Number of protein chains: 2
Amino acid sequence: MQYLVEPLRNYYLTKYPIETLFSFPITPYIQVCQFERGEFIFKEGSYPEYLYYLVEGKAKLYVTHENGKVSLINFLQAPTFMGEIELLNEERISKAIQTVTKVTCLAIPIHTCKEKLLTDATFLRQLCIFLSQKATTISAKYTENQVYPLINRLAAFILVSADHDFYKEKHTEVCEYLGVSYRHLLHVFAKLCEEGMIKKQSRGFMIVDRFRLQQLAK
Amino acid sequence: MQYLVEPLRNYYLTKYPIETLFSFPITPYIQVCQFERGEFIFKEGSYPEYLYYLVEGKAKLYVTHENGKVSLINFLQAPTFMGEIELLNEERISKAIQTVTKVTCLAIPIHTCKEKLLTDATFLRQLCIFLSQKATTISAKYTENQVYPLINRLAAFILVSADHDFYKEKHTEVCEYLGVSYRHLLHVFAKLCEEGMIKKQSRGFMIVDRFRLQQLAK
DNA sequence: AGAAAAATATGAGATATCTCATATTATTGT
DNA sequence: ACAATAATATGAGATATCTCATATTTTTCT
């Protein structure tokens, strides 16, 4: 991870104006930082020093269970806060965040800003909206996981993540996200191919029958 | 549902002081209302008129899927807000809330109070804390659902919900809460009995080997 | 460029969970 | 008190999903 200095710092602050989320001038407090692909933004167990606002790149939020299995709770994409739960509850970090691509964040130091933040109605309102949407998304995802078999959820996932009818996500990430074993994920991919809805290519799958895929996804 | 009048209204307002959650005097706006067991507090699809604060009783929050299955997302117990997500996002209600016992709520009319609420830092901060805890609870529940088979989760559930080593929850509710079929829930109860960890009684189960149950629950 | 690590692939067998059918018992409303 | 409704119970068979083992290919690091 590295902190950006001027003029780069200012470039990002201008490109992603964050002041509107606060009722006081936040810019002087903010550091702009970049994480390499694969770096950890938060590790389970520590206390966060910054509240981050992700502006570029993609990261994943996950938890490691006692039995060693990992659940990928969500992919995080701009714009999103990270570390807000710990800010509110003075807790240790219970979920790791690791970048998937190079990531740029605006970092608000908790030590110096906490009091200001927790009494700022503008910020708190934004945070409420953000948190409520997060809760809604997560609970929707998991109730669906529970009620539909993988073939339906995978059809839906292929549709939302394909770009120009071409799907190329990593199986290793997707099986954690959808909460199934790697093996089973491949079984179901094979089935969708057999049924002629998608077709395997060198580095991904081509959607060949969008209509039937949509029906499966419901 | 019925609204309580004085002196009962005042009795509840005194017993459950809610003013501390706001920076302005909220009491004049509040109605106290009671729902009978089994009544709906929210039905999917409508817009809420009140933000409720549950002070007595127990309710369940659930969602009905397109395939007709129902997921019980969470049991709601005092103290908790209901309808806060719709207040923040101006959305239709996407999750039904039905009471499990008789329920008493403090009801804040959205129509008259919305602006005041959404600019009140004290309230917003409380709501942020509430929402973040809700998000944490729900995501913990579902990631566990996904990673542990029912026998482990049921062991844990029996331990937390038993009273003096006696478990007497309704199977019909529990299978929805744990996200499995009724049939499968009973299979696993039978298994725990066979293994001698619990023992069936006329209207519930007695815990007879707490230690092994705890090991299963991990 | 070569070694190490990560991702992909596939088989075989086990098990967790579901669907549907049907019967009995308890609870609730009138 | 009785009818209606909800909850409990159990069997049989299907299927969704997991575990483990192992091989190949691709990507990353030095």
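Keep in mind that what you see is a predicted model, and the values were worked out from it rather than measured. Numbers restart at 1 for each chain; the letters A, B, ... are given by sequence-line order, proteins then strands.
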Decide whether [X] and [Y] meet the rule of one side-chain donor and one side-chain acceptor closer than 3.5 Å.
| X | Y | result |
| --- | --- | --- |
| Glu84(A) | Tyr53(A) | no |
| Asn89(A) | Ser132(B) | yes |
| Gln34(A) | Tyr12(A) | yes |

Return no unless some side-chain N or O of [X] is found under 4.0 Å from OP1 or OP2 of [N].
| X | N | answer |
| --- | --- | --- |
| Arg203(A) | dA7(C) | no |
| Lys170(A) | dT26(D) | no |
| Lys168(B) | dA26(C) | no |
| Arg183(B) | dA12(D) | no |
| Thr172(B) | dT8(D) | yes |

Closest to the [X] side chain, choosing from [options]:
| X | options | value |
| --- | --- | --- |
| Leu186(A) | dC18(D), dT10(C), dT10(D) | dT10(C) |
| His187(A) | dC18(D), dT8(C), dA16(C) | dC18(D) |
| His184(A) | dA16(D), dT28(D), dT27(D) | dA16(D) |

Whether Tyr50(A) and Tyr3(A) hold their rings parallel, tilted or perpendicular, with breakpoints at 30° and 60°: tilted
Closest-nucleotide ordering on DNA chain C, the 5'-leading residue of Lys200(A) and Lys69(B): Lys200(A)
Sugar-phosphate, base or nothing in reach of His171(B), heavy atoms under 4.0 Å: sugar-phosphate
